[in-house]
Amino acid sequence: MIQNERPALSNSLWTATANQLADYAPLDGDTQTDVAIIGGGYTGLSAALHLAETGANVVLLETRQPGWGASGRNGGQINPGLKDGPAQILARFGTAMGERMIALSGGAADLVFDLIDRHSIDCAASRQGWLRAAHNDSTLGDLHDLARSWQSHGGGMDPLDRDGMARMTGTDAYYGGAIDRRGGTLHPLNYALGLARSAAGAGAQIHGETPVTEANKQGAAWRLRTPRGTLSAERVLICTNAYTDAPHRDLARSFIPVCSVQVATERLPDDIAATVLPGGQHVSDSRRLLLYYRKDAEGRFLMGGRGTLRDSSTQGQMTRLRQVTIELYPHLSGLRWEYAWGGYVAVTRDHTPHLHELAPGLLAGLGYNGRGVAMATAMGREMALWAAGADIASLSFPVTALTPLPFAFARNIALEMEVLRLRLLDRLGI
Ligand SMILES: Cc1cc2nc3c(=O)[nH]c(=O)nc-3n(C[C@H](O)[C@H](O)[C@H](O)COP(=O)(O)OP(=O)(O)OC[C@H]3O[C@@H](n4cnc5c(N)ncnc54)[C@H](O)[C@@H]3O)c2cc1C
């Protein structure tokens, strides 16, 4: 079992069912490379793989082992797109950049499936579509607008009425919604482990148990300090997302780390499994405090949602997720709940991922707002393009100035109060 930062977040289905866990040796001694990558989740691993495939020398440093962070613990929902739909992206970023962002984010799930195919990654990938379920009339209208917006930008998303949604989910709790046919599911930790193996196979050097504690500019190169050695590189990619810490304090203050948790049942008996998400789709529902759920490849039911900062209240939140499951699917009430785990997602003020050039030669990519399986993979590829020499203006995502959030010290209290407000609104159904 992988030990997480908090005991309440550790009993993970994915570590219990993982392929062989990673055991990359620490960096030992002083060395140099073309590109250094800090962080071994999807962002860093995708960057490492894409760079190694170009023949660049690349070294990835990870505090624990690849897949330890959110990439090894998430819901395994491969969801294309950003929180904003195409029309809003164009309005915010203009036509030239907006069209590139739409292509990148809309094609992010294709990239994941393509990498899995090309590298034969064994991660139970399946592409049955992503259900966006509306819990009231107004969100139904929003989802139908979003589907129409995607239809005029390459398609992929179709509206569903109440009956269509009930047929696909196996519950009549929703007003309708939409299906995004580009989406699918995978075993998230096995996907991360497969990316690491493929990157190493293509020539990337990966070091586990190697936290970067300091980054200093020495001439044209950055020198990264770790407990047992140093690494010099002209280009450095910071891929630490919600787990960003020293030595990048301002970066860590540019988002809010929000806890997300999941619970999973034992395997459903076949007759029951056939009544819950019978087509194998996965679901995000439209509540303000998002619920996301699916079955895994062996027929367990997984429910995810918002966690909290303390273990005691997180246990309460996990109990709430089990209750919500029974409200949606009363016939699951007799089942055993075997797993409960979680981690942190990086939420940005504009709910959009960010690329920041922190200093010449130092690029950070983060802020997937809980939607990083596809987007972190795609951002890693963009960061690899930059590290290989592409002009920043040619990337398919804007590189913006870093703006640390004000009152970072008080954000946890503010966040807990906001969660209480949103929960109340959700309970009122408005
Ligand atoms: C419970 C949960 C459920 C989620 N469900 C979904 C989902 O279903 N679909 C979806 O699209 N997204 C989901 N997400 C979000 C998704 O998992 C993340 O957006 C994505 O994994 C981010 O990848 P990453 O590589 O940027 O960061 P991470 O995977 O978090 O990796 C960052 C890594 O950086 C390392 N690190 C930090 N500091 C240093 C340092 N100084 N030196 C070296 N290494 C360092 C950490 O150890 C960590 O391994 C979920 C997240 C959680 C927590």
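Both counts, for ligands and for their atoms, begin at 1 and track the order of listing. Since this is a predicted model, take the numbers as computed values, not measurements.
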Below 3.5 Å only, please: the N or O atoms of ligand 1 paired with protein N or O atoms, distance on each line.
{"residue": "ligand 1", "atom": "5 (N)", "partner": "Gly75", "partner atom": "N", "Å": "2.9"}
{"residue": "ligand 1", "atom": "8 (O)", "partner": "Gly75", "partner atom": "N", "Å": "3.3"}
{"residue": "ligand 1", "atom": "8 (O)", "partner": "Gln77", "partner atom": "N", "Å": "3.1"}
{"residue": "ligand 1", "atom": "9 (N)", "partner": "Gln77", "partner atom": "O", "Å": "2.8"}
{"residue": "ligand 1", "atom": "11 (O)", "partner": "Gln77", "partner atom": "O", "Å": "3.3"}
{"residue": "ligand 1", "atom": "11 (O)", "partner": "Gly372", "partner atom": "N", "Å": "3.0"}
{"residue": "ligand 1", "atom": "11 (O)", "partner": "Val373", "partner atom": "N", "Å": "2.8"}
{"residue": "ligand 1", "atom": "12 (N)", "partner": "Gly370", "partner atom": "O", "Å": "3.1"}
{"residue": "ligand 1", "atom": "12 (N)", "partner": "Gly372", "partner atom": "N", "Å": "3.1"}
{"residue": "ligand 1", "atom": "17 (O)", "partner": "Ala70", "partner atom": "O", "Å": "3.3"}
{"residue": "ligand 1", "atom": "17 (O)", "partner": "Asn74", "partner atom": "ND2", "Å": "3.2"}
{"residue": "ligand 1", "atom": "19 (O)", "partner": "Gly372", "partner atom": "N", "Å": "3.4"}
{"residue": "ligand 1", "atom": "21 (O)", "partner": "Ser71", "partner atom": "N", "Å": "3.2"}
{"residue": "ligand 1", "atom": "21 (O)", "partner": "Ser71", "partner atom": "OG", "Å": "2.9"}
{"residue": "ligand 1", "atom": "23 (O)", "partner": "Ser71", "partner atom": "OG", "Å": "3.2"}
{"residue": "ligand 1", "atom": "25 (O)", "partner": "Tyr42", "partner atom": "N", "Å": "2.9"}
{"residue": "ligand 1", "atom": "25 (O)", "partner": "Thr43", "partner atom": "N", "Å": "3.0"}
{"residue": "ligand 1", "atom": "25 (O)", "partner": "Thr43", "partner atom": "OG1", "Å": "3.4"}
{"residue": "ligand 1", "atom": "26 (O)", "partner": "Thr43", "partner atom": "OG1", "Å": "2.7"}
{"residue": "ligand 1", "atom": "29 (O)", "partner": "Ala70", "partner atom": "N", "Å": "3.4"}
{"residue": "ligand 1", "atom": "29 (O)", "partner": "Ser71", "partner atom": "N", "Å": "2.9"}
{"residue": "ligand 1", "atom": "29 (O)", "partner": "Ser71", "partner atom": "OG", "Å": "2.5"}
{"residue": "ligand 1", "atom": "30 (O)", "partner": "Ala70", "partner atom": "N", "Å": "3.0"}
{"residue": "ligand 1", "atom": "41 (N)", "partner": "Val212", "partner atom": "O", "Å": "3.0"}
{"residue": "ligand 1", "atom": "42 (N)", "partner": "Thr63", "partner atom": "OG1", "Å": "3.4"}
{"residue": "ligand 1", "atom": "42 (N)", "partner": "Val212", "partner atom": "N", "Å": "3.0"}
{"residue": "ligand 1", "atom": "44 (N)", "partner": "Thr63", "partner atom": "N", "Å": "3.1"}
{"residue": "ligand 1", "atom": "44 (N)", "partner": "Thr63", "partner atom": "OG1", "Å": "3.1"}
{"residue": "ligand 1", "atom": "47 (O)", "partner": "Glu62", "partner atom": "OE2", "Å": "2.6"}
{"residue": "ligand 1", "atom": "49 (O)", "partner": "Glu62", "partner atom": "OE1", "Å": "2.8"}
{"residue": "ligand 1", "atom": "49 (O)", "partner": "Glu62", "partner atom": "OE2", "Å": "3.1"}
{"residue": "ligand 1", "atom": "49 (O)", "partner": "Gly69", "partner atom": "N", "Å": "3.3"}

Filter on side chain to side chain donor-acceptor pair (under 3.5 Å), then keep only pairs touching residues 32-43, sequence neighbours left out; what's left? Tyr42-Asn74, Thr43-Tyr368
Mind checking side-chain contact (heavy atoms from CB on, under 4.5 Å) for Glu5 and listing every partner two or more places apart, or none if nothing turns up? Leu9, Trp68, Arg73, Tyr243, Tyr344
Applying salt bridge (charged side-chain N to carboxylate O under 4.0 Å, His left out) to Asp350 and Lys83, what does each step give before you reach the verdict? CA-CA 9 Å; Asp350 60 1; Lys83 183 159 189 293; over 6 Å; no
Which residue, Ile37, Leu193, Thr377, Leu60, forms the side-chain contact (heavy atoms from CB on, under 4.5 Å) with Leu45?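 For Leu45, the side-chain contact (heavy atoms from CB on, under 4.5 Å) check succeeds only for Leu60.
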Considering only NZ, NE, NH1 and NH2 on the basic side and carboxylate oxygens on the acidic side, decide whether Glu338 and Arg267 come within less than 4.0 Å. no
If you look only at distance, which donor and acceptor atoms sit under 3.5 Å apart when one is on a side chain in residues 298-305 and the other is two or more places apart or in another chain?
{"residue": "Glu298", "atom": "OE1", "partner": "Arg300", "partner atom": "NH1", "Å": "2.9"}
{"residue": "Arg300", "atom": "NH1", "partner": "Asp296", "partner atom": "OD2", "Å": "2.7"}

